[in-house]
Protein chains: 2
Amino acid sequence: MEKTPHSEKRDSYHHGDLRSQLIEATRALVEEKGPDHFSVSEACRRAGVSTAAPYKHFKSKEEMLHAVALAGMVRQREQMLAELETCTPGTLDRIVAMGRVYVRFAVSEPGVFRLMFGLSEDHADHVDLVETGDNTFAVVQREVARCRGSMTVEETDVHQAFLLWSFVHGLSFLMIDGKLTDTKMPLDLEHVLVDIAQRVVGQGR
Amino acid sequence: MEKTPHSEKRDSYHHGDLRSQLIEATRALVEEKGPDHFSVSEACRRAGVSTAAPYKHFKSKEEMLHAVALAGMVRQREQMLAELETCTPGTLDRIVAMGRVYVRFAVSEPGVFRLMFGLSEDHADHVDLVETGDNTFAVVQREVARCRGSMTVEETDVHQAFLLWSFVHGLSFLMIDGKLTDTKMPLDLEHVLVDIAQRVVGQGR
DNA sequence: ATCTGAAGTTAGTATCGCTAACATATGTTA
DNA sequence: TAACATATGTTAGCGATACTAACTTCAGAT
């Protein structure tokens with residue numbers, strides 16, 4: 001009674017793992033075609049089920065995309081924490097590392113990144129998305145405070161963390177939008193990240 | 001033989017001004033429903049024509065959205081140049097003013113702003129979009145150079161202009177995505193813009 | 001052994017993007 | 001002025017899509 005991996009034919013009427021396989025199919029399609037050209041039908045074809053099946057697990061197309069977006073935020077956060085492990089505490093290195101992860105994620109998963117931020121969906125009413133985002137942002141704030149040698153987050157830390165976030169967020173979008181062709185804007189990412197970290201965190205205020 | 005304004009019934013078989021009215025209807029709908037919930041049919045209803053009519057003027061839905069995006073970029077650029085008129089040359093004021101316009105545009109026309117940047121469409125192959133964007137960016141570079149007291153744009157100016165652009169771009173997206181609820185992040189936009197301008201342009205490198 | 005509910009299916013609806021074929025008006029030219 | 005060519009509308013229809021309703025399958029609890 002082997003379970004069906006990916007999109008192969010089932011031997012049993014029930015699928016067994018449809019929800020997570022639909023999420024994976026959705027994620028893959030969002031990357032391949034872009035979030036605005038994703039279709040539920042195609043995800044169904046990949047998962048090898050009828051087009052009505054998803055509605056036993058999600059109440060709409062939007063909810064499927066939402067699940068993918070949430071998984072993306074969690075992944076992004078995990079990558080961030082992992083990268084932090086490699087840097088010594090209280091240094092600018094850690095700020096730079098977080099920015100590197102942010103941009104790297106956007107570039108390697110532009111479809112999901114757009115889902116997480118670029119869509120017109122009002123994310124404000126999706127509590128889980130907001131919470132995960134806040135959670136990640138809190139990590140940045142903490143690191144900024146530590147650069148100051150403080151263990152508690154003050155208002156200046158929030159301010160600086162916010163400047164950093166805006167910057168890497170914009171940088172990520174510009175990169176995945178192809179606004180930075182190598183010809184007209186040769187970009188040394190590492191250099192830029194260090195530069196901005198110094199300008200923002202390196203000199204207080 | 002009065003021409004039909006907006007979506008009222010025509011007295012003649014031909015519309016007379018369909019192309020521009022479709023663009024306007026598209027723009028309005030993109031704002032109201034978001035770029036991802038725009039439909040050609042609905043634009044047709046607004047313009048008071050059949051659903052096949054647009055295809056005499058645009059070859060696809062994408063091209064309609066593209067036209068709206070382009071118009072948006074032009075509008076944004078015009079607002080920028082207008083605002084510059086009000087500031088004395090060679091001052092940080094001008095940098096701040098451009099940032100203010102950028103963010104203000106995004107906030108007041110989030111739908112169009114997302115069309116201009118947030119979509120997965122590969123804008124790189126739409127020459128007109130790229131050119132308009134480059135054109136606007138060149139203005140920023142020039143202003144940065146002038147802050148240095150130089151009339152010619154050097155590499156450092158390009159670098160700094162790029163940092164500024166990334167920042168306001170990210171800030172704009174975070175704002176329209178509702179990531180900055182007033183409660184958790186009370187944002188004094190003007191203060192933030194001045195701060196970032198000083199950090200980036202105010203001290204060379 | 002039966003019942004119940006979760007998780008599939010088929011079939012069908014409304015909407016959408018787009019095309020083909022046809023209709024109408026307008027401006028050019030004989 | 002009449003005929004034609006062209007631009008710009010229309011209707012009708014196709015295939016894809018999101019979603020629902022009603023039915024089927026199957027596993028687990030009693």
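Letters A, B, ... mirror the listed sequences (proteins, then strands); counts begin at 1. Note that the structure is predicted; figures quoted are calculated from it, not measured.
Following rounding to the nearest Å, A/R19 (CZ) and C/dA6 (P) show an atom-to-atom distance of 15 Å. In this structure, CD of B/E42 is placed 14 Å from C1' of C/dG17, rounded to the nearest angstrom. Taking atom CG on A/D17 and atom C1' on C/dA7, their separation rounds to 13 Å, with Å as the unit. If you measure from atom CZ of B/F38 to atom P of C/dT15, you get 17 Å, rounded to the nearest angstrom. Nucleotide D/dA18 holds its P atom 13 Å from the CG atom of A/D36, rounded to whole Å. Look at CG on A/L22: it is 12 Å from C1' on C/dG8, rounded to the nearest Å. The separation between A/L18 atom CG and C/dA7 atom P is 10 Å, rounded to whole Å.
The shortest side-chain heavy-atom distance between B/T152 and B/D157 does not fall under the 4.5 Å cut-off. Between A/M80 and A/V139, every side-chain heavy-atom pair lies at or beyond the 4.5 Å cut-off. Side-chain atoms of A/V40 and A/T51, non-hydrogen and from C-beta on, never get closer than 4.5 Å to each other. Residues B/I196 and A/R199 fail the side-chain proximity criterion, which asks for heavy atoms closer than 4.5 Å.
Tested against B/P35 for a side chain to side chain contact (heavy atoms under 4.5 Å, CB included), the candidates B/V112, B/V68, B/V30, B/L65 yield a single pass: B/V30. The only member of B/F113, B/F167, B/Y102 that meets ring pair (Phe, Tyr, Trp, His ring centres under 6.0 Å) when paired with B/F173 is B/F113.
Looking at the side chain of A/T51, the nearest of the listed nucleotides D/dT10, D/dT17, D/dC19 is D/dC19. When the nucleotides C/dG17, D/dT17, C/dA11 are ranked by their closest atom to the side chain of B/S39, C/dG17 comes out on top. Side-chain proximity of B/S41 to the nucleotides C/dT9, D/dG9, C/dG17 is greatest for C/dG17.
Of the side-chain N and O atoms in B/R45, none sit less than 4.0 angstrom from OP1 or OP2 of C/dT15.
With sequence neighbours left out, the side-chain hydrogen bond (donor to acceptor under 3.5 Å, both in side chains) criterion links A/E190 to A/R100.
Remark: A/K56, A/H57 in residues 55-64 of chain A come within less than 4.0 Å of DNA chain C through at least one heavy atom.
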